[in-house]
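Data block below; observations after.
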Amino acid sequence: MKILHRYLSHEIIGSTLLLLGGLLALFAFFDLAREMGDLGKSNYRLGDILLYVGLLLPGHVYELMPIAALIGTMFALARLVAHSEFTVMRVSGISGMRIAGSILLTGLLFVVVTFVFGEFIAPNTERVARQLRTKAMSSVVAQEFRSGLWVKDGTSFVNVKEILPDATLVGLRIYQFDSSYHLQTISFAERGEYRQNNSWHLDRMVQTRFDEGRTSVRVVPDANWNSVLNPGILSVLLVVPEQMSAWNLYSYTQHLRENHQKTSRYEIALWSKLSYPLAVLVMMLLALPFAYHHSRAGSVSTKLFAGIMLGLGFHLSNRLFSHMGLLNDWPPLFSAIFPALLFLFAAIGLMWRVERR
């Protein structure tokens with residue numbers, strides 16, 4: 001069985017990496033075609049575009065791994081069937097459960113790779129890609145309203161006009177309230193730079209204080225501002241939650257919960273981030289029932305087409321249930337894992353059906 005496991009693993013890993021490489025090349029071409037429309041704007045040159053597209057590839061690895069694992073496993077098993085190797089395995093007394101166990105054991109490698117890319121590599125490369133494009137296009141990272149970004153920080157409301165690519169805050173206003181939400185101070189700073197331990201250095205701060213019917217104004221050339229805000233939390237505000245690491249999503253969800261704000265979207269994204277790598281195992285298990293249909297019952301190309309459709313269906317159902325869960329206020333865990341559970345039950349049902357035949 002060890003020899004068989006090594007042989008299956010070699011075939012599946014080779015086919016999956018081949019499919020993943022092809023999908024990455026296709027998506028890189030789409031990214032390149034989209035970015036070429038901005039070629040020549042400001043300082044956005046061809047070298048910047050190529051580097052930007054390259055920095056997006058780790059994110060595509062994370063997104064495409066379940067689909068690549070499904071199609072790659074299906075392709076590897078189809079080749080075994082075409083050469084009657086799968087039939088020899090079955091006649092030799094190797095059960096479908098043992099083959100499934102070998103496939104899942106191989107899939108653990110892809111689970112680890114998917115988690116590493118999604119949690120550690122892709123968020124950082126996408127952040128660098130955004131900074132690169134922003135600097136070249138001479139624009140700000142985000143400006144959600146005409147007045148900029150608004151964030152609630154405890155009993156303070158923070159307004160940031162612009163956020164530069166290095167997380168420097170420009171045009172910062174801090175509205176400080178007491179526990180009864182009576183306005184106490186309004187602080188304005190031209191720039192704010194993050195130091196460490198949630199501490200910001202503010203340049204040329206002008207603070208207006210309101211005390212029992214009278215006001216006072218003071219100017220502070222340099223000031224320190226302690227806040228729960230940090231570049232990690234701000235990055236969640238600037239990009240879609242699905243592109244952030246699980247740790248940043250957890251930190252920002254806690255921040256929203258402490259400030260009594262709605263957390264559904266970020267909780268769904270968090271659970272999806274944690275469960276998505278396990279979808280690789282579900283997709284690989286789903287490929288096994290197709291091996292029971294011999295080449296005379298359907299060509300390899302037909303099986304690959306079915307794999308592509310299943311992969312697209314899984315990807316679309318993930319997006320669909322995330323949005324439906326947000327709209328209908330479903331439990332975040334249910335919204336995140338239901339598509340994977342649905343495909344898992346489908347795989348188990350298909351396996352049960354082909355084993356009975």
Side-chain angles (χ1 to χ4, degrees), residues 123-124 127-128 130-135 137-241 243-245 247-267 269:
N124 293 320
R127 174 178 54 82
V128 174
R130 292 194 306 272
Q131 292 179 357
L132 170 71
R133 193 178 190 280
T134 299
K135 290 180 179 179
M137 297 290 290
S138 300
S139 59
V140 298
V141 174
Q143 192 167 353
E144 294 192 351
F145 302 98
R146 291 184 179 180
S147 57
L149 285 170
W150 285 88
V151 182
K152 185 174 183 292
D153 179 10
T155 58
S156 300
F157 290 87
V158 182
N159 172 231
V160 183
K161 184 179 180 182
E162 295 177 357
I163 302 178
L164 301 182
D166 59 352
T168 298
L169 308 180
V170 178
L172 175 68
R173 285 184 173 85
I174 306 169
Y175 299 86
Q176 177 68 45
F177 293 81
D178 60 18
S179 58
S180 301
Y181 287 97
H182 297 138
L183 183 61
Q184 290 185 318
T185 62
I186 300 177
S187 302
F188 172 78
E190 294 184 6
R191 295 173 66 88
E193 297 179 357
Y194 186 74
R195 298 304 190 198
Q196 59 183 354
N197 298 326
N198 296 96
S199 178
W200 294 81
H201 177 263
L202 306 182
D203 291 335
R204 295 179 291 277
M205 186 184 74
V206 179
Q207 186 178 79
T208 303
R209 178 175 293 275
F210 303 91
D211 294 316
E212 298 180 357
R214 60 180 181 177
T215 61
S216 59
V217 180
R218 67 180 183 131
V219 179
V220 182
D222 298 291
N224 290 323
W225 173 49
N226 293 320
S227 171
V228 297
L229 296 179
N230 55 55
I233 289 179
L234 288 174
S235 65
V236 178
L237 298 173
L238 305 177
V239 296
V240 295
Q243 294 179 350
M244 304 309 302
S245 68
W247 176 251
N248 278 341
L249 284 169
Y250 174 77
S251 299
Y252 189 64
T253 300
Q254 293 298 110
H255 168 69
L256 291 178
R257 187 176 289 113
E258 290 172 359
N259 287 278
H260 307 289
Q261 299 183 48
K262 192 173 181 63
T263 62
S264 298
R265 184 184 180 189
Y266 300 97
E267 286 189 86

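Computed from heavy atoms alone, side chains included, the values below leave out hydrogens, waters and symmetry copies.
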Practice problem: Check the angle between the aromatic planes of W200 and Y194 and answer parallel, tilted or perpendicular using the 30° and 60° thresholds. | Solution: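 Aromatic pair W200/Y194 classed perpendicular.
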
Tell me whether the rings of F177 and F157 are parallel (<30°), tilted (30 to 60°) or perpendicular (>60°). perpendicular

Query raised in the report: Would you say the side chain of V220 lies within less than 4.5 Å of the side chain of M205, judging by non-hydrogen atoms?
Result: yes

Let me confirm one number: the [atom1]-[atom2] distance from [X] to [Y], rounded to the nearest 0.5 Å.
X: Y266; Y: T253; atom1: OH; atom2: OG1; value: 8.5 Å
X: T168; Y: E193; atom1: OG1; atom2: CD; value: 5.0 Å
X: R218; Y: T208; atom1: CZ; atom2: OG1; value: 10.5 Å
X: Q184; Y: Q207; atom1: CD; atom2: CD; value: 10.0 Å
X: D153; Y: T155; atom1: CG; atom2: OG1; value: 8.0 Å
X: L169; Y: L149; atom1: CG; atom2: CG; value: 9.0 Å

Enclosure of F188 CZ (heavy-atom neighbours >12, cutoff 6.0 Å):
yes

message = Please check: side-chain N/O of D178 versus main-chain N/O of S180, any donor-acceptor pairing under 3.5 Å?
response =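 The answer is yes, because a donor-acceptor pair under 3.5 Å joins these two groups.
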
Nearest heavy-atom approach of S227 to N198 is O-CB, 2.8 Å

Discussion item. Tell me the closest heavy-atom pair linking M244 and P123, and the distance in Å.
Written reply: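 Minimum heavy-atom contact is C-CG, 4.3 Å.
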
Next item on the list: With sequence neighbours excluded, tell me which residues meet salt bridge (charged side-chain N to carboxylate O under 4.0 Å, His left out) with E258.
Entry: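 Checked E258 against salt bridge (charged side-chain N to carboxylate O under 4.0 Å, His left out); zero matches.
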
**Request:** Begin from the C-alpha positions of H201 and N224 and carry the test side chain to side chain contact (heavy atoms under 4.5 Å, CB included) through to its verdict.
**Result:** CA-CA 5 Å; H201 177 263; N224 290 323; 4.1 Å; yes

For this session: Not counting sequence neighbours, which residues clear side chain to side chain donor-acceptor pair (under 3.5 Å) with S156? List them please.
Result: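 S156 satisfies side chain to side chain donor-acceptor pair (under 3.5 Å) with Q176 once adjacent residues are dropped.
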
May I have the step-by-step check of side chain to side chain contact (heavy atoms under 4.5 Å, CB included) for D222 and D203, ending in yes or no? CA-CA 5 Å; D222 298 291; D203 291 335; 3.7 Å; yes

